[in-house]
Amino acid sequence: MIPSLTGFYAPCSHPKVSNRLTLLAESLPSDFKELQFSLERAHGNRNRCPVPGTLYNMNTFESFKALDRDSLLKKEAKKILDDIHSGKVEEDSAVLSRFFIISFADLKKWNFLHWLAFPALVVGPPAMVLDLRPAREVFNQGEVQSLSAALNEWRKSSLTTGVLYFLVSIASNSHATIRQLKDWKACQDDGQKLLFGFYDPSCRLDNPGWPLRNYLAFISLRCQDGKIQFLCYREKRGFADMGLSLVGEAVISPSKDCSDPQCVPKAVGWEPKPKSINLAESMNPERLAVSAADLNLKLMRWRQLPSLDLGTLSSVRCLLLGAGTLGCQVARMLMAWGVRKITLLDSGLVAMSNPVRQSLYTLDDCLDGGSLKAVAAARTLKRIFPAVEAEGVTLSIPMPGHPVPTNEVARVLEDCERLRDLIASHDVTFLLTDTRESRWLPALLCASENKIAITAALGFDSYLVMRHGAGPLYVSDQTNSLSTVDGNGGQRLGCYFCGDIVAPIDSMSNRTLDQQCTVTRPGLAPIASALAVELLVGLLHHPNGIHAPGEIANSIMSSSEQPFGILPHQIRGLLPQYSQVTLIGHASNSCTACSTTVVSEFRRRGMEFILQAIDHPTYLEDLTGLTELIESANSFKLDWDDETDDSDM
């Protein structure tokens with residue numbers, strides 16, 4: 001699609017400054033399908049008379065250089081010739097001033113190259129200008145006054161102020177009349193003095209402006225030949241200036257080259273050389289960074305993903321629990337996808353071992369005891385991309401199996417409330433902490449708030465990435481009970497704890513050095529982090545959102561109609577075999593984090609329930625029925641048959 005343009009110019013209004021053709025923000029239609037520019041928006045604006053144009057934008061610099069400019073000029077000139085022969089010029093004279101631009105935009109360097117052309121028909125034999133004088137010297141006093149008044153009225157009217165070409169008829173009594181081009185036959189027959197007028201943007205007294213070239217071609221092909229007079233209309237302070245306006249006399253011979261409507265005319269009109277504009281130095285570096293980052297995503301949408309919703313990605317609010325190896329990688333991936341609102345939560349300090357594995361820290365962050373991880377990570381994100389709204393929150397997540405001393409109860413309750421507020425105020429929560437028990441409270445809060453939760457967990461050479469299913473929903477406001485199905489009527493997808501038969505307990509105490517450190521192959525964190533973010537992007541683009549069903553790679557739905565392909569529930573990978581599988585796990589009625597029993601009890605008792613679960617992990621097992629299930633399994637006895645069948649001897 002070749003977009004149309006609307007250029008603007010007006011009569012010269014200063015004796016030393018010409019009026020140039022200008023392109024404004026509204027010159028390019030917002031809808032590229034709008035191939036015919038609209039005159040209505042310019043009517044009534046005497047300083048902006050519209051003329052049609054065309055933009056040929058090249059995708060590469062090589063194609064810009066290799067363009068056949070002569071053929072293109074003839075092609076555009078043929079449009080003008082066709083408009084003359086068809087009579088369109090008499091209805092819309094602006095097409096005589098048609099222009100076009102070829103351009104190339106290097107959006108990475110903010111360098112814009114453009115070459116402008118005003119196609120002018122070469123009509124043979126050429127017209128000869130015999131005389132050119134100020135209008136005041138050609139007309140008598142009465143004609144000057146009458147013509148000035150008529151031109152001022154013409155320019156004052158919203159219907160004619162933007163009409164670039166017109167006729168001037170002067171009667172024997174010095175009365176001047178301005179008429180449309182379509183009246184040229186009537187003007188020729190009325191016996192009055194006839195001048196072909198046009199808005200002249202040039203300020204020179206020795207030469208008329210460029211619009212006269214095609215005007216003379218029009219006169220030769222449609223009106224008359226022989227000796228004619230023309231008026232180069234110019235102004236001063238918004239009124240007709242007969243001292244600056246020019247009256248010329250020209251001899252026009254019958255055209256031999258362009259009389260055939262089917263001919264391809266000769267043309268001139270290219271500016272001497274292309275012009276280059278570099279905006280990089282004049283732009284704010286932060287705005288350049290935003291534009292460059294957005295460009296990659298826009299190109300992705302243009303080339304491969306027309307449904308990519310950049311607005312949703314830029315506005316989604318992400319909470320990252322854990323600013324370690326996974327948290328750093330997830331934050332970087334989110335920024336690459338255009339996410340602009342990121343909050344990191346961690347209670348630790350940057351250690352000397354962190355910078356080589358955790359990409360948001362440097363050695364300086366380790367000095368003087370180490371910087372707060374969440375704060376340092378947010379600070380680095382802003383240095384990488386100043387437009388990101390990054391915040392670091394220093395907070396410890398209360399965990400089951402870690403009893404709370406009496407003097408710490410108030411602080412722990414405050415941390416719980418703050419964590420709940422953070423999850424409620426964000427759209428997505430990533431569970432990226434080191435221990436299993438630290439994921440329990442966030443998983444419960446996400447289920448209660450029905451927020452998107454995505455977990456990434458690492459072993460030494462394995463990883464798990466999963467999205468938690470939607471939280472249990474109210475059946476009705478009257479019963480205040482929770483449903484065991486999701487919003488689409490199907491079984492809910494499970495959370496990180498749905499496969500457990502024991503409640504989360506303290507996994508941190510009495511650990512050796514190798515157990516205290518995150519011992520994992522370095523390549524796992526980038527892989528798991530990338531999958532976690534890709535899972536989120538797919539989920540945000542799914543019409544069912546958090547209620548989207550789980551899909552596996554070998555299912556019929558592997559050829560998903562969704563733009564990002566299938567949307568797994570769980571992704572488990574093993575690096576030794578370089579293998580990866582997608583799994584589906586449904587919500588468990590005995591889950592210690594997202595079951596209707598646990599969520600209902602939390603909503604009923606609030607922080608009292610949280611404290612009891614933290615101080616007494618077995619309480620969760622008793623509440624959900626896991627204790628009874630374990631006892632039932634332990635009481636089940638199998639009788640083994642030790643007799644040997646003789647036939648096997």
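Note that the numbering runs from 1 along the sequence shown for the chain.
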Strictly distance-based, threshold 3.5 Å: is any side-chain N or O of Arg492 a donor or acceptor partner for the main-chain N or O of Ala470?
yes
Nearest heavy-atom approach of Leu344 to Ala331 is CD2-CB, 4.4 Å
Let me confirm one number: the SG-CE distance from Cys495 to Met466, rounded to the nearest 0.5 Å.
6.5 Å
Working for salt bridge (Lys or Arg N to Asp or Glu O under 4.0 Å), residues Lys65 and Glu62:
CA-CA 5 Å; Lys65 292 192 301 181; Glu62 288 72 20; 5.7 Å; no
Salt bridge (charged side-chain N to carboxylate O under 4.0 Å, His left out) partners of residues 436-464, not counting sequence neighbours, each pair once:
Arg436-Asp500
Which residues pass the ring-ring contact (aromatic ring centres under 6.0 Å, His included) test with Phe118, sequence neighbours left out?
Trp210
Are Asn589 and Thr597 packed together at the side-chain level, in the sense that at least one heavy-atom pair is separated by less than 4.5 angstrom?
no
Enumerate donor-acceptor pairs with a distance under 3.5 Å from any side-chain N or O in residues 306-319 to protein atoms, sequence neighbours excluded.
from: Asp309; atom 1: OD1; to: Gly311; atom 2: N; distance (Å): 3.2
from: Asp309; atom 1: OD1; to: Thr312; atom 2: N; distance (Å): 3.1
from: Asp309; atom 1: OD1; to: Thr312; atom 2: OG1; distance (Å): 3.4
from: Asp309; atom 1: OD2; to: Thr312; atom 2: OG1; distance (Å): 2.6
from: Ser314; atom 1: OG; to: Leu310; atom 2: O; distance (Å): 3.2
from: Ser314; atom 1: OG; to: Gly311; atom 2: O; distance (Å): 3.0
from: Ser315; atom 1: OG; to: Gly311; atom 2: O; distance (Å): 2.9
from: Ser315; atom 1: OG; to: Thr312; atom 2: O; distance (Å): 3.3
from: Arg317; atom 1: NE; to: Asp427; atom 2: OD2; distance (Å): 3.1
from: Arg317; atom 1: NH1; to: Ser425; atom 2: O; distance (Å): 3.3
from: Arg317; atom 1: NH2; to: Asp427; atom 2: OD1; distance (Å): 2.8

Can you tell me how far NZ of Lys75 sits from CZ of Arg69, rounded to the nearest 0.5 angstrom?
16.0 Å
Heavy atoms, side chains only, cut-off 4.5 Å: are Leu116 and Lys275 in contact?
no
Kindly list each side-chain donor-acceptor pair under 3.5 angstrom involving residues 574-584, sequence neighbours excluded, with atom names and distances?
from: Gln580; atom 1: OE1; to: Tyr463; atom 2: OH; distance (Å): 2.6
from: Thr582; atom 1: OG1; to: Ala553; atom 2: N; distance (Å): 2.9

Heavy-atom side-chain contact between Thr343 and His426 under 4.5 Å:
yes
For Pro522 and Pro526 the tightest heavy-atom approach is O-CD, 3.3 Å
Using atom types as modelled and distance alone, determine if a side-chain donor or acceptor of Arg467 lies under 3.5 Å from a backbone N or O of Thr455.
no
What are the two closest non-hydrogen atoms of Leu320 and Gly327, and how far apart are they?
CD2-O, 3.5 Å
By the salt bridge (charged side-chain N to carboxylate O under 4.0 Å, His left out) test, which pairs, at least two apart or in different chains, include something from residues 288-308?
Asp294-Arg340
For side chain to side chain donor-acceptor pair (under 3.5 Å), just list the numbers for Thr433 and Ser438, CA-CA rounded to whole Å, side-chain angles, deciding distance to a tenth of an Å, and then say yes or no.
CA-CA 7 Å; Thr433 52; Ser438 63; 2.6 Å; yes
Heavy-atom side-chain contact between Thr54 and Leu5 under 4.5 Å:
no
Are the side chain of His569 and the backbone of Gly494 linked by a donor-acceptor contact shorter than 3.5 Å?
yes
Sequence neighbours excluded, the answer for side chain to side chain contact (heavy atoms under 4.5 Å, CB included) partners of Asp68 is Asp70, Ser71
Between Leu432 and Leu326 the two heavy atoms that sit nearest each other are CB-CB, 4.0 Å
Are Trp115 and Phe104 close enough, and set up right, to give a ring-ring contact (aromatic ring centres under 6.0 Å, His included), and what steps lead you there?
CA-CA 9 Å; Trp115 206 333; Phe104 167 68; over 10 Å; no
Can you confirm whether Trp337 sits close enough to Met300 that some side-chain heavy atom of one is under 4.5 Å from a side-chain heavy atom of the other?
yes
Hey, are the side chains of Leu113 and Ile277 touching, using non-hydrogen atoms and a 4.5 Å cut-off?
no
When rounded to the nearest 0.5 Å, the distance separating CG of Leu493 from NE2 of His586 is 6.0 Å
If you define the side chain from C-beta out and look only at heavy atoms, does anything of Phe8 sit under 4.5 Å from Leu23?
no
In this structure, which one of Thr22, Leu24, Thr6 forms a side-chain contact (heavy atoms from CB on, under 4.5 Å) with Arg48?
Leu24
For the residue pair Thr429 and Ile452, establish whether any side-chain heavy-atom pair is separated by less than 4.5 Å.
no
